[in-house]
Number of protein chains: 2
Amino acid sequence: MIPVLEKLVLHWGEMASRWGISRMVAQIHALLYFSPKPLAADEIVEALGVARSHVSNSLRELRSWGVVKMVHIRGDRREHFQSIQDVWQLFEILLDERKRREVDPTLKALREAQALVNDGAKTDTHTRERLREMLELFELMDNWFGGIRRLPLGSRVKLIKLGAKTGGWLR
Amino acid sequence: MIPVLEKLVLHWGEMASRWGISRMVAQIHALLYFSPKPLAADEIVEALGVARSHVSNSLRELRSWGVVKMVHIRGDRREHFQSIQDVWQLFEILLDERKRREVDPTLKALREAQALVNDGAKTDTHTRERLREMLELFELMDNWFGGIRRLPLGSRVKLIKLGAKTGGWLR
DNA sequence: ATTTCATTTCTGTTTTTTCTGAAAATAACA
DNA sequence: TGTTATTTTCAGAAAAAACAGAAATGAAAT
């Protein structure tokens, strides 16, 4: 593997635990994203020095998220895999996935707790107030996300680019 | 523990792994956040049925993030702990921490890789292009975050509330 | 149809993370 | 200062996650 590529793949792997995914899944994705051509499972095995079965399972996970696609290369019997190339599309999938896993379940739990309180469950005033505020925050996040998600991708990108400029918010 | 409170604490614990923190840390924080009064370490031990030492370590972590403070209760020799109560402040700390752990190191790695390429390291054209795009995205995120972070908290909240409204972005 | 190559499933091992309990350290009180 | 209450440190046990390798399944080619 070319040094620069190797460095990136290893770093992706190191970051994996912080991103809440397994190291191998992250490494494989980095490899596919930065590689100039689709790779067969065996080539991934060779590049990363890992068990064939594990590559198979990791690829399944990546495909289930929609960040990696299977492609057929003519003249080769094996399946090949390639990552989505557009960073913004990748970013979007990542964000959706995180919201689904990290926000939605808690929003649900908070609503259920609120429902219990409304039905007269015994609760301290202070607890009730904290619950109300926390639920409000999560509802707001949910709406915010829904709102920005409804815009076409191009507008979202523009919006972020605007916000990145100094003073872009001040209007 | 009151049922509603217990439900919330258990849920926080379940979500912990998805949020990239340990279960106990999350449970303790939920307990302190929703509880009407500061709690002593022993009270946490009793409420959660966990080893004293573990509570101590988890509290240290929470304090290092600044989400939990120590308070003295007169007439009680023991230390007591309470969570920051303002949800927006909590949210902010969480976001800062995540950026620090999940974005900053990768931004650094991407810059280093880019520097290698600029210094003439052998790289495929395609790889180089993917690197450039990915770095651009991360730089943008970094700037965006820096920009919004520079606003006073109140403005940030307003901005999110605006974005949450349908059509709030369309102007 | 059977042989061959490729992929997946499954079981067990290794590694990592979380958590415990005893011992050491620290701080309050008399 | 000595005594007791409280907190922290640390080594290792228990639980969870990542990973390997063999066996089973499936799919193309002759």
Side-chain angles (χ1 to χ4, degrees), chain A residues 9-32 38-65 68-82 97 101-102, chain B residues 9-32 38-65 68-82 97 101-102:
Chain A
V9 168
L10 290 180
H11 176 80
W12 242 242
E14 278 173 36
M15 293 303 291
S17 68
R18 306 194 183 184
W19 296 339
I21 57 178
S22 90
R23 185 168 48 141
M24 197 47 53
V25 170
Q27 284 190 356
I28 291 177
H29 179 253
L31 189 59
L32 294 177
L39 299 177
D42 284 331
E43 297 174 304
I44 298 173
V45 169
E46 198 186 358
L48 301 180
V50 72
R52 177 56 231 262
S53 57
H54 208 212
V55 169
S56 177
N57 290 332
S58 302
L59 281 172
R60 174 148 36 106
E61 193 167 346
L62 285 167
R63 273 193 296 160
S64 80
W65 295 351
V68 163
K69 309 281 184 200
M70 258 170 56
V71 293
H72 296 275
I73 301 273
R74 57 163 269 145
D76 197 328
R77 193 161 141 184
R78 301 168 305 174
E79 298 289 352
H80 287 64
F81 301 88
Q82 72 179 353
E97 183 67 19
R101 296 202 297 181
E102 302 178 4
Chain B
V9 168
L10 290 180
H11 177 81
W12 240 244
E14 278 172 36
M15 294 302 292
S17 67
R18 306 193 183 183
W19 297 337
I21 56 178
S22 89
R23 187 167 47 138
M24 196 48 52
V25 170
Q27 284 190 356
I28 291 177
H29 179 253
L31 189 60
L32 293 176
L39 298 177
D42 284 332
E43 296 174 305
I44 298 173
V45 168
E46 198 187 356
L48 302 179
V50 72
R52 178 55 230 263
S53 57
H54 207 213
V55 169
S56 177
N57 289 332
S58 302
L59 281 172
R60 173 149 36 106
E61 193 167 347
L62 285 167
R63 274 193 296 161
S64 80
W65 295 352
V68 163
K69 310 280 184 200
M70 259 170 54
V71 293
H72 296 275
I73 300 273
R74 58 161 269 143
D76 197 329
R77 193 160 141 184
R78 300 168 305 174
E79 297 289 353
H80 287 64
F81 302 88
Q82 72 179 354
E97 183 67 20
R101 297 203 297 180
E102 301 179 4

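Throughout, a chain's letter reflects where its sequence line sits, starting with A, and its residues are numbered from 1.
Scored by the side-chain hydrogen bond (donor to acceptor under 3.5 Å, both in side chains) test, B:Arg77 finds no partners at all (sequence neighbours excluded). Annotation: salt bridge (Lys or Arg N to Asp or Glu O under 4.0 Å) contacts of B:Arg52 (sequence neighbours excluded): B:Asp42. Evaluation of the side-chain hydrogen bond (donor to acceptor under 3.5 Å, both in side chains) rule for B:His54 yields no partner, not counting sequence neighbours. Partners of A:Arg78 under the salt bridge (Lys or Arg N to Asp or Glu O under 4.0 Å) rule, at least two apart in sequence or in another chain, are A:Asp76. For B:Arg18, the side-chain hydrogen bond (donor to acceptor under 3.5 Å, both in side chains) test picks out no residue, with sequence neighbours left out. Considering only residues two or more places apart in sequence or on other chains, B:Arg63 meets the side-chain hydrogen bond (donor to acceptor under 3.5 Å, both in side chains) condition with none of them.
Within the model, atoms CG of B:Leu31 and CE of B:Met24 stand 10.5 Å from one another, a figure rounded to the nearest 0.5 Å.
Taking each heavy atom of B:Phe81 and B:Leu32 in turn, the nearest pair found is O-CD2, 3.3 Å. The shortest non-hydrogen separation linking A:Val55 to A:Ala41 is CG1-O, 4.0 Å. Shown here for A:Val50 and A:Val45, the closest heavy-atom pair between the two residues is O-CG1, 3.2 Å. Looking at every heavy atom in both residues, A:Pro38 comes nearest to A:Gln82 through CG-OE1, 3.5 Å. When all heavy atoms are compared, the tightest approach of A:Ser58 to A:Ile28 is CB-CD1, 3.5 Å. When all heavy atoms of B:Trp65 and B:Ile21 are compared, the pair lying nearest together is CH2-CG2, 3.1 Å.
In this structure, CE of B:Met70 is placed 11 Å from C1' of D:dT6, rounded to the nearest angstrom.
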**Complete:** Given protein heavy atoms under 4.0 Å, the one-letter contact record of nucleotides 21-30 of chain D, with B base, S sugar-phosphate only and - none, is simply B-----BB--
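Listed by residue number, there are no residues of residues 39-48 of chain B with a heavy-atom contact under 4.0 Å to DNA chain C. In the region residues 18-25 of chain A, proximity to DNA chain D at under 4.0 angstrom, judged on heavy atoms, holds for A:Ser22, A:Arg23, A:Met24.
Annotation: B:Glu102, atom CD; neighbour count of heavy atoms from other residues, nucleotides and ligands within 6.0 Å is above 12.
Comparing A:Arg63 and A:Ser17 along DNA chain C, the residue whose closest nucleotide (by nearest heavy atom) sits nearer the 5' end is A:Arg63.
Under the side chain to side chain donor-acceptor pair (under 3.5 Å) criterion, the residue pairs touching residues 19-31 of chain B are B:His29-B:Ser83, with sequence neighbours excluded.
Taking the 5' to 3' direction, DNA chain C first and last meets chain A under 4.0 angstrom from a heavy atom at C:dT4 to C:dT9.
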For nucleotides 11-14 of chain D, list the nitrogen or oxygen atoms of the protein found under 3.5 Å from its nitrogen or oxygen atoms, one pair per line.
none

